[in-house]
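Accompanying notes for the structure given below.
Everything quoted here is computed from the prediction, not taken from an experiment. Reminder, nothing fancy here: chain letters follow the sequence lines and each chain counts from 1.
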Amino acid sequence: MAERDTTDPCPLPLRTAYTAQEALVVEDDAGNAEAARITTILEGILVTKGLLAKGEADQEIEKIETPGLHLGARLVARAWVDPDFKNRLLADGKLAAAELGMKVGEAQLVVVENTPDVHNLIVCTLCSCYPRSILGQPPSWYISKTYRSRAVREPRTVLHEFGLDIPEAVRVRVHDSNADMRYLVLPMPPAETVGRHEIDLAGLVSRDMLIGTAVLQR
Amino acid sequence: MPLFHAGERIRVLDLGKAGHVRIPAYVRGHVGTVVQFCGVFLNPEDLAIGNAGGCVVGCYRVEFLQTDLWTDYSEYPDDTLVTEIYEHWMEPAHG
């Protein structure tokens with residue numbers, strides 16, 4: 001029987017599971033379970049040492065998860081009914097969001113407008129850069145290596161798999177969110193916005209529309 | 001002051017750096033057009049190794065034709081890709 005190395009402070013398989021260049025994005029449940037186990041152990045140690053209060057981590061997680069899609073949807077709905085606001089949103093997303101009392105935590109928010117001539121698609125090939133402060137956490141497929149590698153390489157095929165066929169005459173413009181900017185797609189509005197309440201319009205906006213993998217059926 | 005301006009043609013240098021440099025391999029060596037100067041930011045090459053006291057570098061959004069990036073992207077000549085490039089990875093492209 002092999003002698004167990006009791007001096008090893010980290011007797012978990014994780015330590016050798018990643019190479020130096022491997023992103024810490026795991027793609028399966030087994031990986032997540034492993035990370036969860038390590039996190040729980042680490043949290044316990046930090047609480048024992050008095051570096052973290054009990055429940056503090058949960059509070060922080062809640063803070064991260066509180067901003068949801070509704071903030072992004074509100075920006076879009078306002079832009080649909082107010083052309084001046086739309087111009088300001090396209091010029092400086094962060095500043096325009098502040099007008100509605102939204103604090104964009106990321107360095108800058110670049111808003112890209114879908115038009116009859118251009119369809120925008122957002123991806124982060126590096127990891128999972130996403131405007132979390134106004135959209136919440138990204139969907140798991142957005143983080144998947146498959147989406148990240150294929151969205152830049154064959155965007156029209158990827159969009160087709162999302163059920164979206166972009167006409168040949170429409171230019172597909174992919175934004176690789178690889179550095180300090182964060183991106184939001186401004187979808188095309190419904191055919192009729194006059195007289196419609198902003199809250200109702202915001203209800204039409206889906207997360208995927210703001211990433212560019214869906215459009216509003218007009 | 002930014003070295004490059006919107007509309008200018010630039011080539012992405014291939015500095016051959018490994019690690020968390022944030023310049024995708026698929027744009028290195030390619031020519032694109034500056035869309036926007038985004039401001040200055042701490043260099044991710046410093047941040048990746050825990051150095052938050054390094055010099056700031058300019059960051060730009062640069063647009064490439066997909067047909068330039070991928071040899072088999074031939075059916076849609078107008079499709080483009082925009083990504084962010086730090087100034088020290090850029091040189092003017094002529095012609």
Most heavy-atom pairs under 4.5 Å with chain A, out of B:Pro77, B:Pro44, B:Pro24, belong to B:Pro24
From the list B:Asp72, B:Val82, B:Thr83, the residue making the most non-hydrogen contacts under 4.5 Å with chain A is B:Val82
Counting only non-hydrogen atoms closer than 4.5 Å, does [X] touch chain B with its backbone (N, CA, C, O), its side chain (CB onward), both, or neither?
X	result
A:Val118	neither
A:Val123	neither
A:Cys129	side chain

One pair to check against side-chain contact (heavy atoms from CB on, under 4.5 Å): A:Asp176 and B:Glu84. What are the steps and the verdict? CA-CA 8 Å; A:Asp176 185 354; B:Glu84 295 153 46; over 6 Å; no
Note: B:Trp70 and A:Val152 closest approach over all heavy atoms is NE1-O, 3.3 Å
NZ/NE/NH1/NH2 to OD/OE distance under 4.0 Å, A:Arg156 and B:Glu75: no
May I ask you to say whether A:Arg171 pairs ionically with B:Glu63, meaning some side-chain N is under 4.0 Å from a carboxylate O? yes
When you look at A:Arg173 and B:Asp78, which way does the side-chain contact (heavy atoms from CB on, under 4.5 Å) test go after all the steps? CA-CA 9 Å; A:Arg173 200 178 189 217; B:Asp78 295 329; over 6 Å; no
Any non-hydrogen side-chain atom of A:Pro155 less than 4.5 Å from a side-chain atom of B:Tyr73? yes
Looking at A:His175, A:Met181, A:Gln108, which makes the most heavy-atom pairs under 4.5 Å with chain B? A:Met181
Atom CD1 in A:Ile166, atom OH in B:Tyr76: separation rounded to 0.5 Å? 10.0 Å
To the nearest 0.5 Å, how far apart are OG in A:Ser177 and CZ in B:Arg22? 8.5 Å
Please classify the contact of B:Tyr26 with chain A as side chain, backbone, both or neither, using a heavy-atom distance under 4.5 Å. side chain
What part of B:Val21 lies closer than 4.5 angstrom to a heavy atom of chain A: side chain, backbone, both or neither? neither
